[in-house]
Number of protein chains: 2
Amino acid sequence: MGRWEPNARERLAEAALELYGERGYEQTTVAEIAKRAGLTERTFFRHYADKREVLFGGSGELEELFVRAVAGTPADAAPIEALAAGLDAASEIFADRRPYARARHAVITANAELRERELIKLASLSTALAGTLRGRGVPEPAASLAAEAGVAVFKVGYERWLEASEDRDLVHLVREALSEFKAVAAGG
Amino acid sequence: MGRWEPNARERLAEAALELYGERGYEQTTVAEIAKRAGLTERTFFRHYADKREVLFGGSGELEELFVRAVAGTPADAAPIEALAAGLDAASEIFADRRPYARARHAVITANAELRERELIKLASLSTALAGTLRGRGVPEPAASLAAEAGVAVFKVGYERWLEASEDRDLVHLVREALSEFKAVAAGG
DNA sequence: GCATTCGATGTCAGTGACTGTCATCGCTAG
DNA sequence: CTAGCGATGACAGTCACTGACATCGAATGC
């Protein structure tokens, strides 16, 4: 494996989150992250495309899970109902990671570049969901609109979960957001 | 005014769009943009915060117009109906700018950094709309969800407009996107 | 007219993100 | 034991972006 210790990639992500939290994203240099992880700056950029990406290692996994759940829904389910299944699946993987999610979210919301990166990850998720819906026969622009709505619902539920007390779980908060959404879209 | 010619800011934006279109965003240096505009790199950064922002000079205007139209709606209008008024107002200012909008959109979609910047502008719009809706008595999370939906509708209509023939105008395409949205959200 | 003042620009040096290239380490197959 | 290979280190270079200070040009006051 590596030249020295294993899990270089994970060590870098951990060091980055710590440093971004301690002194802020902008005040942290990549060289400092690499040093805390026992590596060099050059190696950081072999594992992550840039200084922002180190906080988004799990986004591909989330997207894959969400999409798979939507695709696994009965073919005659309405777009919104297929998305509901995806929302459930995506919510479950966060179950025991709330402390980590909170630390990460605090860092991201504190910096515009990181917010931008988060938005493009969500846009990628939305694009993938729209493609999956089209594959199920949903025409455009309904597929894209439904996908965007699904992501918005997840985002709202997720943010409420971060602020909520420990006994409120993400799956339920996202479901609540979904029914709020349906009410608003119906003109309520 | 300026040391030489007037409208330095506009000249920079024009030069940037040209160069980004000719040789691509990444292959263009800020020094080249400034030179084409008859200025120096340092002056570029006095007018625009970074190399991406030069393509987004009008986003504040769009946000202001959209928000004002929503705020000017009768107090008893449902969130979706208030947003519909905002969508109409926002759509009108693009009426005679389709060639420019197409060139700009082609440049933005070709580069991930520029897509990120566009997304955060839309997120800012969404946040502003949500605040306006809250000011009209719409509670959270309905206000945020409705605002996200409104932005998604605008985005879909706008993209269709860019691809459409010259006789189809933005206002109508956005209205079509809105009714598609209502149908999908209702479970259609 | 002429000096003063002020905003916009130019100049220059510096930091840090990111990349290309090549050497080197340490494990593994044979 | 050695050859090969993947991961890392070392180093030089480009470019986005910033701070500090000089300078220009036009408006203003007299």
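Here is the naming used below: chain letters follow the sequence lines, and residue numbers restart at 1 for every chain. Remember, it's a predicted structure, so these values are computed and weren't measured experimentally.
Rounded to whole Å, atom C1' of dC18(C) lies 13 Å from atom CD1 of Ile33(A). As rounded to whole Å, 16 Å separates atom P of dT14(D) from atom CD of Gln27(B). Regarding Arg9(A), its CZ atom lies at a distance of 18 Å from the P atom of dG6(D), rounded to whole Å. Here the C1' atom of nucleotide dG9(D) and the CG atom of Leu12(A) are 14 Å apart, to the nearest Å. Look at NZ on Lys35(A): it is 14 Å from P on dG16(C), rounded to the nearest Å.
Within the 3.5 Å criterion, the main-chain N or O of Thr73(B) finds a donor-acceptor partner in the side chain of Arg136(B). Distance alone, capped at 3.5 Å, is enough to place a donor-acceptor pair between the Asn111(A) side chain and the Leu114(A) backbone. Within the 3.5 Å criterion, the main-chain N or O of Thr29(B) finds a donor-acceptor partner in the side chain of Glu32(B).
At the phosphate of dT9(C), OP1 or OP2 sits under 4.0 Å from a side-chain N or O atom of His47(B). Distances shorter than 4.0 Å separate some side-chain N or O of Thr40(B) from OP1 or OP2 on dG10(C).
No side-chain donor from either of Tyr20(A) and Arg104(A) sits under 3.5 Å from a side-chain acceptor of the other.
No option in Tyr158(B), Tyr100(B), Phe66(B) other than Tyr158(B) meets the ring pair (Phe, Tyr, Trp, His ring centres under 6.0 Å) test with Phe94(B).
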Please list, pair by pair, any protein nitrogen or oxygen found under 3.5 Å from a nitrogen or oxygen in nucleotides 16-19 of chain D.
from: dA16(D); atom 1: OP1; to: Thr28(B); atom 2: O; distance (Å): 3.4
from: dA16(D); atom 1: OP1; to: Lys51(B); atom 2: NZ; distance (Å): 3.4
from: dA16(D); atom 1: OP2; to: Val30(B); atom 2: N; distance (Å): 3.4
from: dC17(D); atom 1: OP1; to: Arg52(B); atom 2: NH2; distance (Å): 2.8
from: dC17(D); atom 1: OP2; to: Lys51(B); atom 2: N; distance (Å): 2.6
from: dG19(D); atom 1: N7; to: Arg42(B); atom 2: NE; distance (Å): 3.4
from: dG19(D); atom 1: N7; to: Arg42(B); atom 2: NH2; distance (Å): 2.9
from: dG19(D); atom 1: O6; to: Arg42(B); atom 2: NE; distance (Å): 2.7

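Ile80(B) and Val184(A) make their closest contact through CG1-O, 3.4 Å (heavy atoms, listed as atom of the first residue, atom of the second, distance).
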